[in-house]
Amino acid sequence: MDQPPDRSKRPWKFSTLVYSSSILFLLLSIFLFGFTNTNLYKVQSLRFTFTANRIYSYLQFLLGFHDGTPKSKSETLDPASSTSHCVLWMAPFLSSGGYSSEAWSYILSLHNHLTNPRFRITIEHHGDLESVEFWNGLAKETKELAIEMYRTQCRPNETIVVCHSEPGAWYPPLFETLPCPPTGYEDFLSVIGRTMFETDRVNPEHVKRCNQMDHVWVPTEFHVSSFVQSGVDSSKVVKIVQPVDVGFFDPLKYEPLDLMAVGDLVLGSGMKNAGLGFVFLSVFKWEQRKGWDVLLKAYLREFSGKDNVALFLLTNAYHSDSDFGNKILDFVEELNIQELRNGYPFVYVIDKHIAQVDLPRLYKAADAFVLPTRGEGWGRPIVEAMAMSLPVIATNWSGPTEYLTERNGYPLVVEEMSEVKEGPFEGHQWAEPSVDKLRVLMRHVMSNLDEAKVKGNRGRDDMIQKFAPEVVAKVVADQIERIFDEKIRT
């Protein structure tokens, strides 16, 4: 029987050329038909800027030409020259979402806190759709750095590739995206997969893809355990925590955002003389995993209009429409929670895009952060809230177990594990946080402001000591330099 072809070898030419050709075709179509003011044009222009030249340079090198001069692919690293060392970091840099924010946190940490680095960094968008809105919301300095890093040229055989995305985007990708690594596994010095999952296991296809990598970086001990138990080679799995930009998320630097200006009232009526009163904030995309149903059950059963409390939900659509107000009203009707004599407590939805530069002001406007999630890879809004000294209530399972404790916050008890009923993780298990315990914790935080403030301050202290950019940058750099040293010795 014939052996199946080695996917790490020549098939890269087809997938990479198809992807680059599709970009060029779309760009040509846009120019020919004059759609220069459309969002499609803007997205494709952004995609072309951050993709086509990179593919061309790799093809040049792999076909034996570089700077117009034939080269041998057998060239190896020069141990005496550290400037040739390069890291190609591929991630959804032009998209919103968890992988994007995490990738930017690593890039900015390495850029700002490494002195005399032994390697250069170049970046490439990969793994998700480009968003002009997200790109426009980045700080000017971040955009300039992105362009500068993208223009950094590296030769594949001197490059470590970091594939920072879900494994379905890795070579060969299961959906349309630039493959990572772009030209197959054999053409680069080493390939690292950075990923995570929110359930109790990794599915077999993703295990297979993880085992193709030289190394697999995961954010928590929870993931080290779940990946290895699922079948990922334990020698490949390394815990690399996420950095938290404690300088950017610093409560002393900001005035609160005007929540009334960005939020739409869904439940509750009228305004009290005291204003909003105590403000709970939750940040999530609208999906069952985030536990929005648990949050609303607990909040509406525990509080009423007389409590002078408000819940603000910053959310965005996830494989659904964005009519969040009616979704909440329908949910309340299904729960059969009757409006009490004092009325419902205030519930506001923020479904407008909040630019990255304004996020600290959003957290500054709240008194506490709450997220009764069923599972997190890391929980970026949680650590951002902790960096802003907010008392945090979050589920005591998965990603948050790496940083949330009774000392620095309010871990929410898991009542039971439940089976995921639909989607790519159907059949997996995740947590069911306790509605009753959440009611108790929300009331407790609101009623014990001094204690909550102490825990919030401890949370920020822990973010500074364990997850500050300079701390994590050193961990990442040490890992990368160790790989280069091993490759030089061999």
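Along the sequence shown, the residues carry numbers beginning at 1.
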Apply the test side chain to side chain donor-acceptor pair (under 3.5 Å) to residues Glu148 and Thr152: give CA-CA distance (whole Å), side-chain angles for both, the deciding distance (0.1 Å), then the verdict. CA-CA 7 Å; Glu148 175 190 335; Thr152 299; over 6 Å; no
Criterion side-chain contact (heavy atoms from CB on, under 4.5 Å) on Leu114 and Phe119, from CA distance to verdict: CA-CA 10 Å; Leu114 284 190; Phe119 54 86; 3.9 Å; yes
Can you list the steps and then say if Ile160 with Val191 is a side-chain contact (heavy atoms from CB on, under 4.5 Å)? CA-CA 6 Å; Ile160 293 173; Val191 184; over 6 Å; no
Derivation and outcome, salt bridge (charged side-chain N to carboxylate O under 4.0 Å, His left out), residues Asp214 and Lys487: CA-CA 12 Å; Asp214 298 305; Lys487 294 297 180 181; 5.3 Å; no
For Thr159 and Leu189, what are the C-alpha separation, side-chain angles and deciding distance, and is it a side-chain contact (heavy atoms from CB on, under 4.5 Å)? CA-CA 5 Å; Thr159 299; Leu189 194 65; 5.7 Å; no
Does Cys154 form a side-chain contact (heavy atoms from CB on, under 4.5 Å) with Arg120? I'd like the steps, not just the answer. CA-CA 9 Å; Cys154 301; Arg120 296 169 295 134; 4.2 Å; yes
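Closest approach of Ser165 and Tyr99 over heavy atoms only: C-CZ, 3.7 Å. Considering every non-hydrogen atom in both Ala473 and Leu110, the closest pair reads O-CD2, 3.7 Å. For the pair Met90 and Leu178, the tightest heavy-atom approach, listed with the atom from each and the gap, is CE-CD2, 3.5 Å. Scanning both residues, Met213 and Gly193, for their nearest heavy atoms gives SD-N, 3.6 Å. The heavy-atom pair separating Glu376 from Pro400 by the smallest distance is CB-CD, 3.8 Å. Nearest heavy atom pair, residue Ala431 against residue Pro433, reads O-CD, 3.5 Å.
In this structure, Thr177 contributes its side chain and His126 its backbone to no donor-acceptor pair below 3.5 Å. Judged purely by atom type and a 3.5 angstrom limit, Glu419 has no side-chain atom pairing as donor or acceptor with the backbone of Glu426. Here the side chain of Ser101 pairs a donor or acceptor atom with the backbone of Gly98 at under 3.5 angstrom. A donor-acceptor pair under 3.5 Å is formed between the side chain of Ser109 and the backbone N or O of Ser105. Here the side chain of Asp358 pairs no donor or acceptor atom with the backbone of Ile354 at under 3.5 angstrom. Under a 3.5 Å cut-off, the side chain of Glu166 and the backbone N or O of Gly168 do form a donor-acceptor pair. When atom types are taken as modelled, the side chain of Ser225 and the backbone of Phe222 share no donor-acceptor pair closer than 3.5 angstrom.
Judged as a side-chain hydrogen bond (donor to acceptor under 3.5 Å, both in side chains), and not counting sequence neighbours, the contacts of Asn408 are Thr405, Asp462. Under the side-chain hydrogen bond (donor to acceptor under 3.5 Å, both in side chains) criterion, Ser230 pairs with no residue at all, not counting sequence neighbours. For Asn211, there are no side-chain hydrogen bond (donor to acceptor under 3.5 Å, both in side chains) partners two or more places apart in sequence or in a different chain. Residues satisfying the side-chain hydrogen bond (donor to acceptor under 3.5 Å, both in side chains) test with Asn326, not counting sequence neighbours, are Asp323.
No salt bridge links Lys364 with Glu255; every basic N to acidic carboxylate O contact stays at or beyond 4.0 Å. The pair Arg374-Glu432 meets the salt-bridge criterion, with a side-chain N (NZ, NE, NH1 or NH2) lying under 4.0 Å from an Asp/Glu carboxylate O. Comment: Arg361 does not engage Asp258 in a salt bridge, judged by the lack of any side-chain N to carboxylate O separation of less than 4.0 angstrom.
From Asn203, atom CG reaches atom CZ of Phe197 across 6.5 Å, with rounding to the nearest 0.5 Å. Considering CZ of Arg194 and SG of Cys180, their distance stands at 14.0 Å, rounded to 0.5 Å. For the atom pair Glu287 CD and Thr315 OG1, the distance stands at 9.0 Å (nearest 0.5 Å). Between the CG atom of Leu281 and the CG atom of Leu311 there is a distance of 8.5 Å, given to the nearest 0.5 Å. Within the model, atoms CH2 of Trp378 and NE2 of His223 stand 10.0 Å from one another, a figure rounded to the nearest 0.5 Å. Distance check: Glu133 CD to Leu138 CG gives 11.5 Å after rounding to the nearest 0.5 Å.
Below 30°, between 30° and 60°, or above 60°: for Tyr185 and Tyr171 the angle between ring planes is above 60°, a perpendicular geometry. Using cut-offs of 30° and 60° on the angle between ring planes, the pair Phe425 and His428 is tilted.
Crowding of Lys466 atom NZ: a count of heavy atoms from other residues, nucleotides or ligands under 6.0 Å not exceeding 12.
Contact check for Ile107 versus Met149: side-chain heavy atoms found under the 4.5 Å cut-off. Using a 4.5 Å heavy-atom threshold, the side chains of Ile192 and Val216 count as separate. A 4.5 Å side-chain heavy-atom check between Leu259 and Ile350 finds at least one atom pair inside the cut-off. Proximity of Pro92 to Glu130: side-chain heavy atoms (C-beta onward) are nowhere separated by under 4.5 Å. Side-chain contact between Asp293 and Pro372: absent, with no pair of heavy atoms (C-beta onward) separated by less than 4.5 Å. Using a 4.5 Å cut-off on side-chain heavy atoms (C-beta onward), Tyr106 and Val162 make no contact. Residues Asn316 and Asp351 form no side-chain contact, since every pair of their non-hydrogen atoms from C-beta on lies 4.5 Å or further apart. For the pair Glu198/Trp430, no side-chain contact is recorded, criterion being any heavy-atom separation below 4.5 Å from C-beta on.
A centroid separation of less than 6.0 Å is found between the aromatic rings of Phe324 and Trp286. A ring-centre distance under 6.0 Å is not found for Phe369 and Phe280.
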Got a list of side-chain donor-acceptor pairs under 3.5 Å for residues 379-395, not counting sequence neighbours?
from, atom 1, to, atom 2, distance (Å)
Arg380, NH1, Gln242, OE1, 2.4
Arg380, NH1, Pro243, O, 3.4
Arg380, NH2, Pro243, O, 3.3
Glu384, OE1, Tyr363, OH, 2.7
Thr395, OG1, Thr373, N, 3.0
Thr395, OG1, Thr373, O, 2.7

Side-chain donor-acceptor distances from residues 474-482 under 3.5 Å, at least two apart:
from, atom 1, to, atom 2, distance (Å)
Lys474, NZ, Asp478, OD2, 2.9
Gln479, OE1, Arg482, NH2, 3.1
Arg482, NH1, Glu486, OE2, 2.7

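Evaluated for a ring-ring contact (aromatic ring centres under 6.0 Å, His included) with Trp104, the options Trp89, Phe93, Phe134 yield exactly one hit, Phe93.
Remark: the Glu102 side chain and the His164 side chain contain an N/O donor-acceptor pair separated by less than 3.5 Å.
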